[in-house]
Amino acid sequence: MLHFINTRLEELIGAALLLVMASIAFINVLVRYCTNLSFSSSEELTVNLFVWIVLLGISRCFRDGTHFSMSLLYAALSKRLRFFMDVFSFLCSEAFFMALCYYGYCEVYDEIDLNVVSESLAIPVWLYTISIPLVSFIIMIRIVQNFSKRLRITLKEEDVL
């Protein structure tokens with residue numbers, strides 16, 4: 001399981017979803033061009049798949065340590081303050097995605113309980129919103145992985161603590 005999560009899981013899922021989105025858009029263009037009809041309901045699917053891709057991109061950035069950061073301020077700090085900023089950033093990020101995971105789970109549970117379906121395609125809405133708790137959990141794992149890697153590097157340096 002851990003080996004699979006350490007692979008490029010985000011890129012594989014994201015590429016598959018992007019292929020589905022591009023196919024839907026291409027088919028929509030062909031149908032509109034050839035028949036003067038439109039699959040306007042397909043927009044619902046592509047917008048919701050885009051949310052999945054964005055969350056997977058966030059997970060990838062946390063995995064690689066390429067997420068947005070204030071590196072100018074961070075570079076100006078001493079090694080000790082950098083260490084404490086890393087810990088603070090880790091705690092804030094974990095708390096945020098833990099809350100997002102919890103409230104995403106609550107939303108999915110409510111949508112299943114209320115049997116909510118989408119307006120145009122009549123797909124159960126929880127199939128769209130399940131991405132929030134699932135990918136938030138993966139993001140939390142990626143944050144821990146990145147923090148442990150940074151912590152090992154920081155502790156190898158002298159005069160950190």
Side-chain angles (χ1 to χ4, degrees), residues 1-71 74 84-151:
M1 172 74 182
L2 285 178
H3 176 67
F4 182 71
I5 200 83
N6 285 331
T7 61
R8 304 224 173 249
L9 175 69
E10 294 89 351
E11 284 95 343
L12 294 173
I13 297 172
L17 293 177
L18 194 58
L19 177 68
V20 169
M21 289 172 57
S23 300
I24 291 170
F26 180 70
I27 290 170
N28 195 11
V29 168
L30 282 180
V31 168
R32 195 173 336 131
Y33 180 75
C34 295
T35 65
N36 232 6
L37 298 172
S38 176
F39 291 135
S40 60
S41 59
S42 66
E43 182 181 337
E44 172 188 302
L45 193 57
T46 56
V47 167
N48 285 294
L49 290 178
F50 187 71
V51 172
W52 278 78
I53 290 175
V54 168
L55 288 170
L56 290 168
I58 293 169
S59 178
R60 181 192 178 275
C61 287
F62 272 111
R63 183 193 71 211
D64 297 341
T66 56
H67 53 82
F68 181 72
S69 62
M70 301 295 273
S71 58
Y74 183 79
F84 288 114
M85 290 302 292
D86 283 341
V87 172
F88 179 72
S89 173
F90 166 74
L91 293 174
C92 288
S93 299
E94 279 293 315
F96 175 79
F97 285 104
M98 197 175 296
L100 190 62
C101 188
Y102 172 73
Y103 287 114
Y105 166 77
C106 292
E107 181 181 5
V108 169
Y109 181 79
D110 286 345
E111 289 168 351
I112 291 172
D113 190 42
L114 297 173
N115 206 12
V116 180
V117 295
S118 63
E119 293 178 18
S120 58
L121 293 176
I123 295 174
V125 175
W126 68 268
L127 290 173
Y128 295 141
T129 56
I130 193 79
S131 66
I132 296 170
L134 285 179
V135 182
S136 293
F137 183 73
I138 294 172
I139 291 171
M140 289 178 358
I141 292 171
R142 296 301 190 191
I143 292 170
V144 169
Q145 287 175 336
N146 186 276
F147 178 70
S148 64
K149 182 175 73 173
R150 289 180 66 139
L151 188 62

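Computed from a predicted model, the values in this text were never measured in an experiment. By convention here, the first residue in the shown sequence is residue 1.
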> Do the ring planes of Phe90 and Phe147 sit parallel (below 30°), tilted (30 to 60°) or perpendicular (above 60°)?
Replying inline: parallel
> How far apart are the C-alpha atoms of Trp52 and Ile130, what are their side-chain angles, what is the distance that settles it, and do they pass the side-chain contact (heavy atoms from CB on, under 4.5 Å) test?
Replying inline: CA-CA 9 Å; Trp52 278 78; Ile130 193 79; 3.6 Å; yes
>> Please find the pair of heavy atoms, one from Ser59 and one from Ile138, that lie closest to each other, and give the distance.
In response: OG-CG2, 3.4 Å
> Does the side chain of Val135 come within less than 4.5 Å of Ile13's, by heavy atoms?
Replying inline: no
> Say you draw a straight line from OG of Ser131 to CH2 of Trp126; how long is it, rounded to the nearest 0.5 Å?
Replying inline: 12.0 Å
> So, for Ile53 and Gly14, which heavy atoms are closest and what is the spacing to 0.1 Å?
Replying inline: CD1-O, 4.0 Å
> Would you call Asp86 and Leu151 a side-chain contact if the rule is heavy atoms closer than 4.5 Å?
Replying inline: no
>> Please report the interatomic distance CD1(Ile141) to CZ(Arg63), rounded to the nearest 0.5 Å.
In response: 13.0 Å
> Which pair of non-hydrogen atoms, one from Tyr128 and one from Ser118, has the smallest distance, and what is that distance?
Replying inline: CE1-CB, 4.0 Å
>> For the CG atom of Leu18 and the OG atom of Ser23, what is their distance to the nearest 0.5 Å?
In response: 9.5 Å
> Taking atom CZ of Phe50 as the centre, does the number of heavy atoms from other residues, nucleotides or ligands within less than 6.0 Å exceed 12?
Replying inline: no
> Ignoring hydrogens and geometry, is there a side-chain-to-backbone donor-acceptor pair from Thr46 to Met21 under 3.5 Å?
Replying inline: no
> Between Val117 and Val125, which heavy-atom pair has the shortest distance, and what is it?
Replying inline: C-CG2, 3.5 Å
>> Is there a side-chain contact (heavy atoms from CB on, under 4.5 Å) between Arg60 and Arg142? Walk through the geometry before answering.
In response: CA-CA 8 Å; Arg60 181 192 178 275; Arg142 296 301 190 191; over 6 Å; no
> Can you tell me how far the CD1 atom of Ile58 sits from the CG atom of Leu100, to the nearest 0.5 Å?
Replying inline: 8.5 Å
>> Just verifying a value: how many Å separate Ile132 CD1 and Cys101 SG, rounded to the nearest 0.5 Å?
In response: 10.5 Å
>> Under a plain distance cut-off of 3.5 Å, with no hydrogens placed, do Glu44 and Ser120 share a side-chain donor-acceptor pair?
In response: yes
> Measuring from Cys106:SG to Asp113:CG, what's the distance to the nearest 0.5 Å?
Replying inline: 12.0 Å
> Closest heavy-atom contact between Leu45 and Ile24?
Replying inline: CD2-CD1, 3.3 Å
>> What verdict does the side-chain contact (heavy atoms from CB on, under 4.5 Å) test give for Phe62 and Ile139, after you've listed the backbone C-alpha separation in whole Å, the side-chain angles of each residue and the deciding distance to 0.1 Å?
In response: CA-CA 7 Å; Phe62 272 111; Ile139 291 171; 3.8 Å; yes
> Any idea which heavy atoms bring Arg150 and Tyr74 closest together, and the distance?
Replying inline: NH2-OH, 2.8 Å
> Ignoring hydrogens and geometry, is there a side-chain-to-backbone donor-acceptor pair from Ser148 to Gln145 under 3.5 Å?
Replying inline: yes
